[in-house]
2 protein chains.
Amino acid sequence: MANILDVAKRAGVAPTTAKRAIHEPHRLAPETLARVRKAIEELGYEPDQVAGSLRRGRTQTLGLMVGNIIEPFFAALIRSIARQARARGYALMVADSEYDSGIELQHLKMFRGQRVSGLIIRSAFGSPNLDYLVQMHKRGTYILEIDHFYPNSPFSYVMLDGRQCVFTGVKYLYDLGHRRIATLGDYHPVITPDERSRVFPEAMQAVGLAPIPEYQRVIERSEEAAYHLTLELMRLPEPPTALFSLTGSEAAGAFRALKELGLRIPQDVSLLTFDNYSWTALVTPPLDVIEQPVEAMGQVAVEIVLEAIENQTLDKVVRKRFPGRLIRRGSCAPPPAQGVKSRV
Amino acid sequence: MANILDVAKRAGVAPTTAKRAIHEPHRLAPETLARVRKAIEELGYEPDQVAGSLRRGRTQTLGLMVGNIIEPFFAALIRSIARQARARGYALMVADSEYDSGIELQHLKMFRGQRVSGLIIRSAFGSPNLDYLVQMHKRGTYILEIDHFYPNSPFSYVMLDGRQCVFTGVKYLYDLGHRRIATLGDYHPVITPDERSRVFPEAMQAVGLAPIPEYQRVIERSEEAAYHLTLELMRLPEPPTALFSLTGSEAAGAFRALKELGLRIPQDVSLLTFDNYSWTALVTPPLDVIEQPVEAMGQVAVEIVLEAIENQTLDKVVRKRFPGRLIRRGSCAPPPAQGVKSRV
DNA sequence: AGAGCTGATGGTCACGTGTCCATTTTTAGC
DNA sequence: GCTAAAAATGGACACGTGACCATCAGCTCT
């Protein structure tokens with residue numbers, strides 16, 4: 001592979017001059033510049049970022065750790081972040097923790113070995129990797145959490161305003177007349193320490209309700225778990241009249257379970273979910289969703305990270321919240337007069 | 001950031017000895033090894049892959065270019081490839097061309113600058129980037145095409161056996177009694193040069209049918225384009241009795257269009273599609289699909305690439321085909337006795 | 001005309017590692 | 001107890017670049 005020395009030789013100039021043709025072309029005499037450019041062209045020279053990174057002491061590389069790449073939310077996030085990184089000349093290393101902190105740690109070590117300059121991370125659940133992240137930060141990697149953050153996180157983050165969204169959702173269901181509202185999955189400090197389930201009780205309180213203890217089950221945030229939970233909830237003596245799914249994946253499981261039970265949406269039970277996934281508009285009835293501004297979140301995340309990296313302000317902490325948007329399509333309606341009959 | 005010299009100094013050994021603790025620990029005396037390991041631990045040392053790559057002349061990095069990361073097929077592919085890369089100690093750079101060859105070229109240049117050792121690529125449509133790929137290959141990047149390959153591609157590839165799948169699908173519909181079968185999108189050598197639409201006429205011929213000219217429209221392989229095409233097709237004087245969607249994204253558009261037209265699936269029209277996306281099982285009726293063995297394809301792709309890289313056999317060409325699997329769920333049935341009424 | 005300045009170009013070195021070769025220490029064999 | 005071999009350890013250097021400093025010609029200003 002041709003290097004800058006080959007280019008210099010071919011152009012009949014010193015290596016330093018050849019380098020300047022790339023970094024500071026204005027400092028070269030026009031003919032010299034043309035000669036070097038010709039040599040670059042002829043040799044198909046492309047600067048070696050590996051050597052450059054070593055010398056510079058900083059890579060042009062960002063790491064991105066997602067929780068589950070199969071979820072469209074993360075796919076959209078990757079696209080947004082990739083676009084922005086490309087625009088700024090950074091390469092993107094993507095890792096999928098599958099929400100497993102063991103896998104996550106392996107990827108973090110790889111990122112560290114690769115000396116990524118910045119890391120955008122959606123942490124795995126129940127993760128003991130905070131220490132490792134702190135260490136990475138001390139060694140010069142700027143870290144930004146996205147979609148979720150550790151309690152007392154020392155890092156920057158970019159997040160949906162989960163509180164506002166949950167309040168909006170609960171209020172929406174309350175105003176339709178619902179009193180027996182269940183989230184799919186309760187808060188748990190280790191297993192599911194997410195903001196949405198944490199603030200749900202507060203949102204209920206705000207409209208004068210209390211969460212119903214029988215509905216409060218801790219489940220993994222997956223389609224399968226939501227499917228089983230929905231079956232259980234709807235088989236209770238007094239089942240909920242409205243289900244509030246906290247993730248798009250869970251909504252699929254809940255939807256499947258309701259269909260299977262022969263319950264009609266929204267006549268028998270209302271269904272509201274986070275994440276405007278494309279399938280939610282295709283099913284019958286199309287689902288009411290709370291949409292996240294994914295594109296904007298990804299873009300801002302990269303901007304924060306690159307600004308810190310390029311200005312050498314690694315200790316700067318920036319935290320942004322983004323509002324969600326309720327989209328009504330018809331999967332929520334007033335509850336049936338005599339409540340939902342239990343499906344035993 | 002601590003380097004191997006710091007480790008050596010702390011352990012009281014020469015740098016070479018410290019390095020051996022990492023690469024060939026068996027060559028060290030047990031106490032020396034322990035001392036170096038302790039130093040590594042205490043300093044939180046992690047070898048610098050950037051420096052290692054430079055010296056070695058080869059990175060531990062793979063590039064992966066997908067056509068559209070939003071499509072669940074690619075998300076699943078990334079997961080599979082990421083798993084295998086992780087298991088083999090390689091970092092993964094992911095790029096999303098959005099099926100745009102201009103964006104693709106930018107990413108390719110970045111990959112080249114980063115000196116990725118291998119590249120797994122799903123090329124963009126109508127791409128003039130083949131020359132650049134050939135150049136990358138000459139400079140030492142092993143290249144493998146996935147899901148699609150250039151005509152006369154000089155590279156290895158891993159692909160679905162599209163011919164077998166299309167033949168299976170057509171035969172399935174034919175056996176149900178369908179004669180007026182339409183694919184969503186016809187073959188076009190530049191815009192949509194995909195195998196599936198190309199072999200469709202052959203598959204029809206195999207059951208004694210000919211493609212119906214009015215159904216043969218060239219469209220972009222997107223949900224939106226498929227939506228409009230479906231509307232057009234079903235408004236023809238003699239609309240198809242069965243739609244064969246060649247991608248999962250298109251199926252969503254077709255499904256939406258059929259619902260909107262008030263056509264019942266499968267009573268009025270049958271719908272068969274590639275890709276077992278999770279939503280296809282959620283809609284009413286659940287869709288018949290042809291599933292791709294994505295996990296296996298990703299795994300084999302990485303194995304081929306890494307074997308070539310590690311054995312320095314960059315010119316070895318390996319080509320693998322994988323069979324699809326037809327899953328019946330109820331969206332295909334015999335056509336109505338008097339054909340589908342046109343929806344004008 | 002000489003000093004000072006600017007524009008253009010050249011030379012040297014270090015980033016942290018892996019590889020190769022050299023040296024010292026220990027063990028085996030008789 | 002001595003030699004040869006093996007085990008264990010050490011030293012020097014290059015990968016391709018970017019940062020820094022050096023050089024030199026031509027020009028302006030006094």
Side-chain angles (χ1 to χ4, degrees), chain A residues 1-37 39-40 43-61 89 91 112-117 139-140 310 312, chain B residues 1-37 39-40 43-61 89 91 112-117 139-140 310 312:
Chain A
M1 176 109 35
N3 62 26
I4 196 68
L5 296 173
D6 300 325
V7 171
K9 195 179 293 178
R10 188 177 189 98
V13 298
T16 307
T17 305
K19 286 166 204 170
R20 276 203 258 271
I22 296 167
H23 296 293
E24 359 175 50
H26 59 280
R27 290 190 52 187
L28 292 191
E31 322 97 70
T32 312
L33 181 56
R35 230 168 47 243
V36 176
R37 287 207 166 136
I40 288 176
L43 290 169
Y45 169 75
E46 188 99 23
D48 188 330
Q49 296 294 337
V50 176
S53 295
L54 176 61
R55 172 59 233 226
R56 208 183 307 116
R58 184 154 61 77
T59 62
Q60 298 269 91
T61 304
R112 185 136 94 88
Q114 297 286 347
R115 300 289 189 267
V116 296
S117 292
R139 311 275 160 120
E310 295 180 351
Q312 303 275 36
Chain B
M1 176 112 32
N3 61 27
I4 196 69
L5 296 173
D6 299 326
V7 171
K9 195 179 293 177
R10 188 178 189 98
V13 298
T16 309
T17 305
K19 288 166 203 172
R20 275 202 258 272
I22 295 166
H23 297 294
E24 3 175 47
H26 60 278
R27 289 190 54 186
L28 292 191
E31 321 95 73
T32 312
L33 181 58
R35 226 166 51 243
V36 176
R37 287 207 165 135
I40 288 176
L43 291 170
Y45 169 75
E46 189 97 22
D48 187 331
Q49 296 295 337
V50 176
S53 295
L54 176 61
R55 170 63 235 223
R56 210 182 303 115
R58 184 152 61 77
T59 61
Q60 298 269 93
T61 305
R112 185 137 94 87
Q114 297 285 347
R115 299 291 188 267
V116 296
S117 291
R139 312 275 159 119
E310 294 180 351
Q312 303 275 36

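In what follows, chains carry the letters A, B, and so on, assigned in the order in which the sequence lines appear, proteins first and then strands, with residues in each chain numbered from 1. Values in this document were obtained by computation on a predicted structure and should not be read as measured data.
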If each of B:Leu54 and A:Arg56 is mapped to the nucleotide of DNA chain D with the nearest heavy atom, which maps nearer the 5' terminus, i.e. the 5' end? B:Leu54
Partners passing side-chain hydrogen bond (donor to acceptor under 3.5 Å, both in side chains) against A:Glu46 (at least two apart in sequence or in another chain): B:Tyr132
Residues from residues 4-23 of chain B lying under 4.0 Å of DNA chain C - heavy atoms: B:Ile4, B:Lys19, B:His23
For A:Arg112 and B:Met1, run side-chain contact (heavy atoms from CB on, under 4.5 Å): C-alpha distance rounded to whole Å, both residues' side-chain angles, the deciding distance at 0.1 Å, then the answer. CA-CA 11 Å; A:Arg112 185 136 94 88; B:Met1 176 112 32; 4.1 Å; yes
Find the distance A:Arg27:CZ to D:dC20:C1' and express it as a whole number of Å. 11 Å
Using whole Å, what does the distance between atom P of nucleotide D:dC15 and atom CZ of B:Arg55 come to? 8 Å
Can you list everything that forms a side-chain hydrogen bond (donor to acceptor under 3.5 Å, both in side chains) with A:Gln312? Sequence neighbours excluded, please. none
Please state how far atom CZ in B:Arg115 lies from atom C1' in D:dC15, giving the value in whole angstrom units. 12 Å
With sequence neighbours left out, which residue pairs that include part of residues 21-34 of chain A fulfil the side chain to side chain donor-acceptor pair (under 3.5 Å) condition? none
First and last nt of DNA chain C near chain A, cut-off under 4.0 Å to heavy atoms, 5' to 3', are C:dA8 to C:dG16
Residues at least two apart in sequence or cross-chain that pass side-chain contact (heavy atoms from CB on, under 4.5 Å) with B:Ala18, listed by chain then number, are B:Ile4, B:Val7, B:Ala8, B:Val13, B:Val36
Scan for side chain to side chain donor-acceptor pair (under 3.5 Å) pairs involving residues 6-16 of chain B, sequence neighbours excluded, and state none if there are none. B:Arg10-B:Glu42
Using a heavy-atom distance cut-off of less than 4.0 Å, which residues of residues 45-52 of chain A contact DNA chain D? A:Tyr45, A:Pro47, A:Asp48, A:Ala51, A:Gly52
Classify the nucleic acid contact of A:Thr32 as base, sugar-phosphate or nothing, counting any heavy atom under 4.0 Å across all strands shown. sugar-phosphate
Using the C1' atoms of five pairs at each end, what's the angle between the two axes of the helix from C:dA1-D:dT30 to C:dC30-D:dG1, to 10 degrees? 40°
Measure NE2/B:His26 against P/D:dA8 and give the value in whole Å, please. 9 Å
B:Ala14: which residues meet the side-chain contact (heavy atoms from CB on, under 4.5 Å) condition with it, sequence neighbours left out? B:Thr17
Looking at every non-hydrogen atom in both residues, tell me the closest pair between A:Arg37 and A:Pro25 and how far apart they are. NH2-CB, 3.8 Å
Could you state the interatomic distance from CG (B:Leu28) to CZ (B:Arg35), rounded to the nearest 0.5 Å? 10.0 Å
Shortest non-hydrogen contact between B:Asn3 and B:Tyr45, atoms and distance: C-CE1, 3.5 Å
Spacing between B:Glu24 atom CD and D:dA8 atom P, to the nearest angstrom: 12 Å
My understanding is that only residues two or more places apart in sequence, or in another chain, count here; which of them pass side-chain contact (heavy atoms from CB on, under 4.5 Å) with B:Thr59? A:Val50, B:Ser53, B:Thr61, B:Arg115, B:Ser117
